[in-house]
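From a predicted model like this one, the values you see are computed outputs, not experimental measurements.
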Number of protein chains: 2
Amino acid sequence: MTPSDTKDTADRIIEAAERLFARHGIARTSLRALTDEAGVNLAAVHYHFGSKEGLVSAVYGRRVQPLNAERLRLLDECEAAAGDGPPELESLLEAFIGPALRLRQNRSQGEPFMCLMGRIYSEPARELAPVMAQFDEVRQRFPAAFQRALPELDEVELMWRLHFLLGSLMHTAGGSHLIERMSHGRCDPADVEGTIHRLISYTGAGLRASVKETAAP
Amino acid sequence: MTPSDTKDTADRIIEAAERLFARHGIARTSLRALTDEAGVNLAAVHYHFGSKEGLVSAVYGRRVQPLNAERLRLLDECEAAAGDGPPELESLLEAFIGPALRLRQNRSQGEPFMCLMGRIYSEPARELAPVMAQFDEVRQRFPAAFQRALPELDEVELMWRLHFLLGSLMHTAGGSHLIERMSHGRCDPADVEGTIHRLISYTGAGLRASVKETAAP
DNA sequence: CCAGAATTCAAACGGTCGTTTGCTTTAAAC
DNA sequence: GTTTAAAGCAAACGACCGTTTGAATTCTGG
């Protein structure tokens with residue numbers, strides 16, 4: 001008996017959706033292919049989720065909430081450890097990056113989801129607005145903490161650098177096959193802790209880079 | 001008379017496709033919406049491009065070739081200026097990053113295309129394989145040049161860091177609206193030269209970061 | 001001016017999509 | 001055992017998709 005045989009219909013649908021959405025994109029995944037993969041009836045999607053749009057929200061929502069809860073828990077720890085002083089930069093990076101990249105190893109279904117997360121900014125799907133709202137607290141508290149850790153950066157420069165950081169994180173989360181091919185198999189994306197370590201080192205140095213004057217036009 | 005009225009049908013189709021593919025994604029853009037936007041007949045797409053897939057290739061191909069030619073020209077300049085020594089890191093970054101981000105200002109149509117480029121790794125479209133092949137020379141020569149500029153990095157570490165760099169670049173190229181919203185309008189993505197300068201500073205520091213030992217499991 | 005090629009066009013084709021319907025089966029409560 | 005709701009199912013609906021057709025139109029060289 002495979003694991004999916006023991007789960008109920010709604011779970012089977014969500015997990016098949018996660019796999020197929022990640023592999024082929026949301027728009028290119030039909031409900032018929034999806035329900036075939038899940039081994040359930042076509043109409044079950046609308047019975048349990050109301051519509052394909054509802055299913056998409058459910059797929060994202062299931063992972064995003066625990067991810068951000070863990071991030072904020074680690075951020076609380078950072079700030080508690082720092083007391084009245086500024087939090088340590090590398091701890092902040094670990095709190096922001098670690099839970100995201102570890103999603104792909106904690107569960108075997110984590111990897112397809114991270115591939116979907118990497119695509120969340122690319123898929124121009126209106127149904128993702130409520131999902132994005134779940135990032136509000138993260139988007140508010142982390143920049144403020146980074147500003148305290150990097151007081152010499154003005155706000156605009158900090159925002160740009162966090163933007164660059166987010167790009168690296170999303171690209172790493174969603175594109176494990178890319179680094180593998182680019183390095184001809186010499187880089188191992190399955191080494192999650194090593195990847196987190198590398199990304200924190202790289203990004204920490206980038207965030208701490210001295211600000212040079214902008215070149216005149 | 002609008003500019004598009006003066007162009008022939010194939011150009012009008014390509015430009016409408018670039019806009020709509022960038023705005024809504026390839027799969028979600030129907031040929032009917034596309035030909036309405038272009039002001040041409042539906043069957044013109046198949047007459048000029050054979051199929052929707054052929055149109056997608058044409059849209060990418062038109063921009064990718066000049067982009068990579070400019071990158072390689074600047075790389076040649078870097079290597080000529082360096083003589084027998086290692087090329088300068090910041091010049092390499094300018095050669096790789098500059099032409100990509102400048103695409104969005106050289107032409108008014110450049111911005112939607114960069115949005116498409118940022119999505120090239122996300123859109124799991126089989127028809128993009130020939131487009132990806134146009135990156136072969138860039139993918140071969142730039143890592144080798146970076147390795148010469150950063151001899152203290154082992155190959156695996158370098159590949160990871162170039163992977164992170166690529167993520168920042170793609171995210172910046174394709175997501176101008178994201179940084180604008182994240183910074184509440186205080187960051188200006190239209191300042192292309194400033195953005196290039198910031199990304200080069202950030203990324204240069206990240207690439208030069210000292211390699212620390214990987215944490216034991 | 002005219003033949004012949006290139007291009008444009010309205011209309012339709014077959015197929016697949018998300019969604020809905022009405023019926024049957026399963027499960028729980030009394 | 002009967003009642004009532006939840007869940008599953010096959011079949012169909014209308015809409016929209018990419019593509020094709022064949023005739024009308026425009027362009028081009030002699």
Side-chain angles (χ1 to χ4, degrees), chain A residues 1-2 4-61 116 123-131, chain B residues 1-2 4-61 116 123-131:
Chain A
M1 152 166 77
T2 73
S4 65
D5 289 339
T6 69
K7 292 169 184 168
D8 68 13
T9 303
D11 283 342
R12 298 237 295 274
I13 292 174
I14 282 206
E15 287 173 13
E18 197 170 66
R19 277 192 302 272
L20 294 185
F21 287 169
R23 200 175 309 157
H24 305 117
I26 297 174
R28 298 175 120 96
T29 301
S30 74
L31 292 186
R32 285 170 176 82
L34 202 156
T35 49
D36 282 355
E37 166 106 356
V40 304
N41 187 271
L42 171 61
V45 173
H46 296 84
Y47 180 80
H48 288 282
F49 302 99
S51 66
K52 185 180 185 179
E53 186 174 316
L55 173 59
V56 172
S57 292
V59 167
Y60 275 100
L116 262 188
E123 288 262 4
R126 291 288 156 269
E127 58 261 22
L128 293 185
V131 174
Chain B
M1 153 166 75
T2 74
S4 64
D5 288 339
T6 69
K7 292 169 184 167
D8 67 13
T9 302
D11 282 343
R12 298 237 296 274
I13 292 174
I14 283 205
E15 287 173 14
E18 197 169 67
R19 277 193 301 273
L20 293 186
F21 287 170
R23 200 176 310 156
H24 305 119
I26 297 174
R28 298 175 121 95
T29 301
S30 74
L31 293 185
R32 284 169 177 83
L34 201 157
T35 50
D36 281 355
E37 167 107 354
V40 304
N41 187 272
L42 171 61
V45 173
H46 296 85
Y47 179 79
H48 288 281
F49 302 99
S51 65
K52 184 180 186 180
E53 184 175 318
L55 173 59
V56 172
S57 291
V59 167
Y60 275 100
L116 262 187
E123 287 261 4
R126 292 288 155 269
E127 59 260 24
L128 292 185
V131 174

TODO: Look at B:N41 and C:dT7 and indicate whether a side-chain polar atom (N or O) is within less than 4.0 Å of OP1 or OP2.
DONE: no
Task: Spacing of A:R32 atom CZ relative to D:dA12 atom C1', expressed in whole Å - done: 10 Å
Task: Distance in Å, B:Y47 OH paired with B:N41 CG, rounded so as to fall on 0.5 Å steps - done: 12.5 Å
Open item on the list: Taking the side chain as everything from C-beta on, heavy atoms only, tell me whether B:K52 gets closer than 4.5 Å to B:V45.
Closed with: no
Task: Interatomic distance, A:L34 atom CG to A:S30 atom OG [nearest 0.5 angstrom] - done: 7.5 Å
Open item on the list: Please tell me if A:S30 has a side-chain N or O lying less than 4.0 Å from either OP1 or OP2 of C:dT16.
Closed with: no
Task: Atom pair distance, as rounded to whole Å: NZ in B:K52 and P in D:dT20 - done: 15 Å
TODO: Using heavy atoms to find the nearest nucleotide of DNA chain D for A:A10 and B:G50 separately, return the residue whose nucleotide is more 5′.
DONE: A:A10
Task: Contact under 4.0 Å: B:T9 side-chain N or O vs C:dT7 OP1/OP2 - done: no
TODO: Figure out the CG/C1' separation between A:L42 and D:dG8, and round it to whole Å.
DONE: 12 Å
Task: From D:dA6, D:dC9, D:dT19, nucleotide with atom closest to B:S51 side chain - done: D:dT19
Open item on the list: Base, sugar-phosphate or nothing for B:T29? Non-hydrogen atoms, less than 4.0 Å.
Closed with: sugar-phosphate
Task: Distance in angstrom units between A:H46 NE2 and D:dA6 P, rounded - done: 20 Å
Open item on the list: I need the B:R23 CZ to B:R28 CZ distance, nearest 0.5 Å.
Closed with: 15.0 Å
Task: Atom-pair distance (CZ on A:F49; P on D:dA6), nearest Å - done: 17 Å
Task: Distance test, side-chain N/O of B:H48 to OP1/OP2 of C:dA6, below 4.0 Å - done: no
- [ ] Could you tell me whether B:A44 contacts a base, only the sugar-phosphate backbone, or nothing, with contacts defined as non-hydrogen atoms closer than 4.0 Å?
- [x] nothing
Task: Spacing of B:D36 atom CG relative to D:dC17 atom P, expressed in whole Å - done: 10 Å
- [ ] Would you give the length of the straight line joining atom CG of B:D8 to atom NE2 of B:H48, rounded to the nearest 0.5 angstrom?
- [x] 7.0 Å
Task: Gap between atoms CZ and C1', on A:R28 and C:dG18 respectively (whole Å) - done: 18 Å
Task: Interatomic distance, A:I26 CD1 vs C:dG18 P [rounded to whole Å] - done: 12 Å
